[in-house]
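The structure under discussion appears below in the form of structure tokens.
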Amino acid sequence: MSIGFTPYFSFDGHAREAMEFYQKIFGGHLILRTFAQYDVAHGDDGERIMHAQLITDTGFTVMGADSLPSQGHPAVPNGRISLSGDDVERLRHYFDQLAEGGQVITALTTQQWGDLFGTLVDRFGNTWMVTIAVPQDERVS
């Protein structure tokens, strides 16, 4: 038996652009399905994304969809996504790419607990926290 945990973002008409942006950063296979493909289009909403799934090169999954204003479903606020590990180069790259066009809240720097940590809001309004584990013997005291 296994259990997965996958972030599912809500967008207000920008799901395709956002998910393609995330694919550019994380790599992997992206599936995009529109409301029209599922025959549930309403006016101009047909080209909005009903479901998107990105399975990244590192094996995690990110999903998302557009809200449907014609049905009274506004985009819901998203939570925070945390990326963590010890791959310094890859995680720095993710942080820098996600920050492109967004806003860095906390620069990716060494924190009082010894790890590198930073937060940002990407150009689509999603908040990301990045933690890079620093081995105990390499921590600055």
Side-chain angles (χ1 to χ4, degrees), residues 1-38 40-141:
M1 180 196 288
S2 67
I3 297 173
F5 184 83
T6 303
Y8 202 108
F9 294 125
S10 178
F11 301 98
D12 189 17
H14 304 290
R16 178 182 304 276
E17 180 185 0
M19 296 301 291
E20 288 173 349
F21 176 71
Y22 298 144
Q23 182 185 32
K24 181 180 132 197
I25 294 168
F26 301 120
H29 179 70
L30 177 61
I31 298 168
L32 297 169
R33 299 286 187 255
T34 66
F35 283 94
Q37 287 174 291
Y38 287 102
V40 291
H42 298 277
D44 294 334
D45 295 336
E47 290 308 305
R48 284 182 177 239
I49 300 301
M50 183 173 177
H51 178 72
Q53 178 176 329
L54 172 64
I55 301 173
T56 71
D57 288 341
T58 54
F60 63 88
T61 301
V62 177
M63 291 193 259
D66 283 318
S67 60
L68 279 181
S70 64
Q71 291 183 327
H73 297 132
V76 295
N78 293 310
R80 294 182 177 149
I81 303 303
S82 177
L83 297 172
S84 58
D86 59 6
D87 189 331
V88 177
E89 185 177 319
R90 184 179 302 236
L91 287 166
R92 278 187 185 276
H93 174 75
Y94 289 168
F95 187 89
D96 292 342
Q97 293 296 301
L98 288 164
E100 186 178 295
Q103 178 185 6
V104 172
I105 305 301
T106 305
L108 188 59
T109 57
T110 302
Q111 301 299 319
Q112 60 266 32
W113 60 87
D115 292 332
L116 296 169
F117 176 80
T119 59
L120 63 95
V121 177
D122 71 24
R123 68 173 87 168
F124 303 101
N126 295 315
T127 301
W128 298 81
M129 302 182 304
V130 176
T131 303
I132 303 172
V134 175
Q136 197 68 31
D137 61 341
E138 294 179 23
R139 292 182 181 202
V140 178
S141 42

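Quick note: residue numbers are just sequence positions, from 1.
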Are any non-hydrogen side-chain atoms of [X] and [Y] less than 4.5 angstrom apart?
X: F117; Y: M129; answer: yes
X: V121; Y: I105; answer: yes
X: L54; Y: F60; answer: no

Those residues that, when tested against [X], pass side chain to side chain donor-acceptor pair (under 3.5 Å) (two or more places apart):
X: S84; value: none
X: T119; value: T106
X: S82; value: none

Which donor-acceptor pairs under 3.5 Å do side chains of residues 13-27 form with protein atoms, sequence neighbours excluded?
{"residue": "Y22", "atom": "OH", "partner": "D122", "partner atom": "OD2", "Å": "2.4"}
{"residue": "Y22", "atom": "OH", "partner": "N126", "partner atom": "ND2", "Å": "2.9"}
{"residue": "Q23", "atom": "NE2", "partner": "G28", "partner atom": "O", "Å": "3.0"}

I need the [X] [atom1] to [Y] [atom2] distance, nearest 0.5 Å.
X: F35; Y: H51; atom1: CZ; atom2: NE2; result: 11.5 Å
X: I81; Y: T127; atom1: CD1; atom2: OG1; result: 9.0 Å
X: L116; Y: D86; atom1: CG; atom2: CG; result: 11.5 Å

Legend entry - Q37: side chain to side chain contact (heavy atoms under 4.5 Å, CB included) partners, not counting sequence neighbours: R33, T34

Under 3.5 Å donor-acceptor pairs involving side-chain atoms of residues 87-100, not counting sequence neighbours:
{"residue": "D87", "atom": "OD1", "partner": "R90", "partner atom": "N", "Å": "3.0"}
{"residue": "D87", "atom": "OD2", "partner": "R90", "partner atom": "NE", "Å": "3.4"}
{"residue": "E100", "atom": "OE2", "partner": "R123", "partner atom": "NH2", "Å": "3.3"}

Legend entry - Least distance between heavy atoms, G64 atom then F11 atom: CA-CE1, 4.3 Å

Inset, instruction - Of all the heavy-atom pairs spanning I49 and L32, show the shortest one and how long it is. - result: CD1-CB, 4.1 Å

Legend entry - T131 backbone acceptor or donor facing D115 side chain under 3.5 Å: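 A pair under 3.5 Å: no.
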
